[in-house]
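Let me begin by presenting the structure, written as structure tokens, before commenting on it.
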Amino acid sequence: MSQFNLSAFEEEAHEQWTHAFESNPSALEKYYLNVAFPYPSGAMHVGHGRTYIVPDVIARFWRMRQKQVLFPMAFHVTGAPVVGISKRIANKDEKTIRLYRDLYRVPQNILDQFTDPLTIVRHFADEYQRVMTACGLSIDWRRRFITVDPTYSKFIEWQWKHLYDAGHVMKGAHPVRYCTVDENPVGDHDLMEGDKAEVIKFTLVMFRFGDAFIPCATLRPETIHGVTNLWANPDVTYAKIRLDGKPWIVSKEAAEKLALQDHTVEITGEITGSDLVGKTVSHPLCGEVPILPAPFVDPDMASGMVMSVPAHAPFDYIALRDLQQKGQYTEIKPIPLIKVEGYGEIPAQYAVEKAGIQNQMDSRMDALTQEIYSAEFSKGKLFDKYGGKPVRVAREEVAELMQQKYDSVVMYEFDQRPVVCRCGNRVRVKILHDQWFLKYGDQVWKQEVQDHVDTMALVPPEVRAEFDRTIWWLKDWACTRRVGLGTRFPWDTNQLIEPLSDSTVYMAYYTIAHKVREIEPKLLTPEVFDYIFLGKESEDLPEKKKLDAMRKEFLYWYPYDFRFSAKDLISNHLTFQLFHHCTVFAGQKDKLPRGMVVFGMGLLNGAKMSSSKGNVFLLEDAVKEFGGDTVRMFLMGSAEPWQDFDWRNELVLSTKKQIERFYNTVMEIKDASGEPHDIDRWLASRLQMHIAKTTSALENFQTRQALQEAYFGIETDLKWYRRRLPKDCDGSRELHELCSVWVRLLAPFIPFTGEHLWKELAGEGLISFAPWPVTDEKLVSPKIELAEELLARTVEDIESIVKLIQLQPKAITIALAPEWKHQIFRMIAKAEDKNTVIKEIMKDESMRKRGKETTDTAKQCTTLIHRLPPYVVEPLVQDPINEKAVFDAAKAFLEQEFGVPVHVVMAEEAGHVKALTALPFKPAIIIE
RNA sequence: GGGAGGAUAGGAAAGCUGGCCAACUCCGCCGGACUUAAGAUCCGGUCCUUAGUGGUUCUUGGGUUCGAAUCCCAAUCCUCCCA
């Protein structure tokens, strides 16, 4: 008998699988599923494993259900990250090199070539394919592509033409990080410092100083009425400028920044901070306020001038208090204008005093500012005299008003500093005007998507709410970039299509990916794709024969049936692709996606997997160490796909033992040749149920549930079966059929072991294509199962009693309930009104004669019926079993189990008080 | 801060259209059988208690109900997305 040797099985299977999963249109019904393709910038870890193994299990399942299954894979290489990686490697960045050399184990000679970004993604794309294959993924690799293939770019151009024609692509202005030395926008990877910094939008409130404006930057324009003064840094020399022709006073840094943000700036002079201090400016809405000195004012923050709202800003409150404690400006009082529960009259004062903050240098100031900011934003309301609106509403409205009527302008600034370019220069915010957007904000477009989502199958159902929300929350999306790999933007070839935007309809491209390569890219005009995907005829189409073949593929496969992805992509990619499908296939509802399955995230030993933190376990290592089947079965069995899952090496080991146990069991019993016994009928009946349950679980993507049934369910039954076999009897020859079913049910999960066992069982062809087991109704026998359940429950009861009394039993008597108790049981179980059922029973003379005995039994039966599962009670009512026959038949078994004589008697004949407690389905047990 | 989803015994995880629930299943651990032994396998146990029973449980605190892990409210914590 051949030994369990997973790696040998894997080798065997791989040989037979080469090209086996290449899938072409056929007479069979199709099933097309796909996964969000990977960005191959590093090695695969076990978290990736599950993302691709789940769809593979589903693919294998439907393939065995005799569908024509398409499971393709490609690689997403568009975007900037690898460009950054290659630069860092070129710059000999230690951290990056360590990651690639030590964690991902890239050989030095290849690492040396990683200064070219394409080399990185090509290397890891190959590695992905190798590891995916090692995991047994049944992918049609002919269709593999990467997103910078020239043919793919042509496809993207076609797709974008449709978006553009539909009016969904538009040009606009957009603030970006910008390096004034490189004269280029700056991506994450180009930053030396400040990669977390975000661009935020300030409103500049204009105070009038003589004929000039002094702009103060604020995130809280709604507090304008609470301004008591301005702050200027007395140690700073400010610039007098003409901004768009108007005189302004700002910091020198601000002058430089504003010039990048759509303003013409001309420096006309200087004025020191100390010259400003003590002067007054006129408030845009009301009266005059003074300029006070404040060393904390940073000239490099926004305009370099700050408006002070001491009632609501802790910094302003403290700065003012400090001055007043020196006896200065004592006439200034904070002006509260926002009411917020739990913060007293003057929130900033309340919070500062409650925290016991002494001065501006206190380290808690930032947190306190954030706290007030949040509290007021979420719960605050303006005083009635200022409109009485909630802060979150008023903020927008006031900002709008200030811009419309009071000369306010918007200024963009980073939320943290410094932000420094790799070249060493400071990065600024610049407004670019040739930025292109996808108008996801378009209400009509949203509605189209919503209408379609309503018809889609979403798994698990809970994610529907998140899709719905995302559709309506999406705003216009900046869809072009200047740096990275990708397809050139057709309407501005200096720019590239942004990575999330170029991978939205590629599921359609898969259908033709292997054939479109045969055509020269330059021939792939939009008309060509219009023909392939939309059936639009036009003159002079090249290579018509090939196009027809592709058209045929597309029509056969599309739309896809299910797309699989982790849940983090719901709010971008998964929703984007629906927007794009709705436009590209406008008017062809039958080409829109049918369903999606959304996964949970992966953990490693309870912590988040993260390559940068080194908390990863490479999938390849896992496969080598434990075997492909083991990795698959562990990942599928520990949680359902949509749950987060945790990988723990010590748990995986026991999964391997389980596979081995399965293998050994099958090898042991497959050639059994005994005559069938009664218990074989039970086993066959149970098997039908497991087939049905496994099937329905897989139809619903419940991999764990399916394994539960297919593996443990059958294993448990087999144990009982073998226990129940008469002494010295081997299993019957019917076990061969059970093995055949069992191996097929598990084949989607453990295909390597599956293929090997299939051969051992003399199965035809590859198990990967063998027909999925179907239930045979003829073999289903609820009655046999029920009888067996009665026996098993009784055995359990006997065991628990034997254990409790701690005596060595000499004999066991099983006393069965008399027929009249069965009658009561049935009447109660059937009765709709439990209150009158006793009366009903008492109508019977023979029952009445028994008196209290009857009522007691009725009570006990009521309790018992409650305790028994419906699947037991129901058949007992419909078609009672003959308990005597069951136990008589099992007498030998029971004696063998307990090693003492077993007597089966009717309760009346037992002559023992305990016997009187016998109930239907619950015989009395007397142990001597 | 906004949104979506979670929290179940040592670990993972089912149940969650209210009564089949002391709560499926797997792992771990403990005991027994087999074995020279280990491993594997099989049997049993694994909240407390007990002739097959009863008690206290499903993050915490309230509520609805004859009855709640399951429904409602609040709090705490976790995950993902956006800000």
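Predicted model only: the values in this text are computed from it and were never measured. Every chain is numbered from 1, with letters handed out A, B, ... down the list of sequences.
With C1' as the reference atom, B:rU59 and B:rA9 are 13 Å apart, rounded to whole Å. A distance of about 16 Å separates the C1' atoms of B:rA7 and B:rG61, rounded to the whole Å. Distance check on atom C1': B:rA12 versus B:rC82 gives 31 Å, rounded to whole Å. Separation of the P atoms belonging to B:rG54 and B:rC21 is 14 Å when rounded to the nearest angstrom. Nucleotides B:rU8 and B:rA69, compared at atom P, are 16 Å apart to the nearest Å. Distance check on atom C1': B:rU36 versus B:rA22 gives 42 Å, rounded to whole Å. With both ends at atom P, the span from B:rA75 to B:rG3 equals 13 Å, rounded to whole Å. Separation of the P atoms belonging to B:rG5 and B:rC73 is 13 Å when rounded to the nearest angstrom.
Counting to the nearest Å, the P atom of B:rA13 and the CZ atom of A:Phe712 are 15 Å from each other. Atom CG in A:Leu725 sits about 14 Å away from atom C1' in B:rC42, given to the nearest Å. At whole-Å resolution of the value, CZ in A:Phe576 and P in B:rC82 are 10 Å apart. Taking atom CH2 of residue A:Trp642 and atom P of nucleotide B:rA12, one finds them 19 Å apart after rounding to whole Å. In this structure, A:Lys656 places its NZ atom 15 Å from P of B:rG28, rounding to the nearest Å. Whole-Å rounding puts the A:Leu500 CG to B:rC81 C1' distance at 13 Å. We find that CZ of A:Phe645 is positioned 22 Å from P of B:rC26, with the value rounded to whole Å. In this structure, A:Lys719 places its NZ atom 12 Å from C1' of B:rG44, rounding to the nearest Å.
Taking the ring centre of A:Phe893 as origin, the terminal cationic atom of A:Arg724 falls inside the region bounded by 6.0 Å and 45° from the ring axis. Seen from the ring of A:Trp720, A:Arg723 does not count as a face-on cation partner, given the 6.0 Å and 45° thresholds.
Residue A:Arg704 has its side chain nearest to B:rC24 when only B:rG5, B:rC42, B:rC24 are considered. With B:rG3, B:rC82, B:rC42 as the candidates, the nucleotide lying closest to the side chain of A:Asn572 is B:rC82. Among B:rG5, B:rU25, B:rC81, the nucleotide with an atom closest to any side-chain atom of A:Glu462 is B:rG5. Taking only side-chain atoms of A:Ser638, from C-beta outward, the nucleotide of B:rA12, B:rA4, B:rC80 with the closest atom is B:rA12. Side chain of A:Trp473, nearest nucleotide from B:rA14, B:rG2, B:rC80: B:rG2. Considering only side-chain atoms of A:Ala639, the nucleotide from B:rC26, B:rA13, B:rC80 that sits closest is B:rA13.
The distance between the ring centers of A:Phe634 and A:Trp647 falls below 6.0 angstrom.
As the counterpart of B:rG28, B:rU46 is assigned, both hydrogen-bonding distances of the Watson-Crick or G-U wobble pattern falling under 3.5 Å. Pairing partner, B:rA68: none, since no Watson-Crick or wobble contact has both distances short of 3.5 Å. Across the strands present, B:rA13 finds no partner; the criterion is a Watson-Crick or G-U wobble pair with both atom distances under 3.5 angstrom. Figure legend. B:rC80 is base-paired to B:rG3; pairs are counted as Watson-Crick or G-U wobble with both atom distances under 3.5 Å. The pairing partner recorded for B:rA40 is none, the criterion being a Watson-Crick or G-U wobble arrangement whose two distances lie under 3.5 angstrom.
Looking at which nucleotide of RNA chain B each of A:Ser571 and A:Ser654 is closest to, the 5′-most match is held by A:Ser654. Between A:Leu569 and A:Val463, the one whose closest nucleotide on RNA chain B sits nearer the 5' end is A:Val463.
Put simply, the side chain of A:His312 never gets that close to the backbone of A:Pro347: no donor and acceptor are under 3.5 Å apart.
Contact check, A:Arg723 against B:rG44: a side-chain N or O comes under 4.0 Å of OP1 or OP2. For B:rA40, one of the phosphate oxygens OP1 or OP2 lies less than 4.0 angstrom from a side-chain nitrogen or oxygen of A:Lys657. OP1 and OP2 of B:rA40 both lie 4.0 Å or more from every side-chain N or O belonging to A:Arg661. In terms of phosphate contacts, A:Gln658 brings a side-chain nitrogen or oxygen within less than 4.0 Å of OP1 or OP2 of B:rC27.
Heavy atoms of A:Pro461 sit nowhere under 4.0 angstrom from any nucleic acid atom. Contacts of A:Glu660 with the nucleic acid, taken as non-hydrogen atoms under 4.0 Å apart, are absent. Among the heavy atoms of the strands lying under 4.0 Å from A:Gln643 are primed sugar atoms or P, OP1, OP2 only; no base atom is included.
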**OP:** For A:Trp477 and A:Phe576, run side chain to side chain contact (heavy atoms under 4.5 Å, CB included): C-alpha distance rounded to whole Å, both residues' side-chain angles, the deciding distance at 0.1 Å, then the answer.
**Re:** CA-CA 10 Å; A:Trp477 177 262; A:Phe576 288 6; 3.7 Å; yes
Subject >> Residue pair A:Trp472, A:Gln450: steps toward the side-chain hydrogen bond (donor to acceptor under 3.5 Å, both in side chains) verdict >> reply: CA-CA 9 Å; A:Trp472 296 97; A:Gln450 181 71 61; 2.7 Å; yes
**OP:** Would you check, one step at a time, whether the test side-chain hydrogen bond (donor to acceptor under 3.5 Å, both in side chains) holds for A:Asn664 with A:Glu668?
**Re:** CA-CA 6 Å; A:Asn664 289 335; A:Glu668 247 168 67; over 6 Å; no
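In this pair, A:Phe662 and A:Trp742 present their aromatic rings perpendicular. The plane angle is above 60°, beyond the 30 to 60° band.
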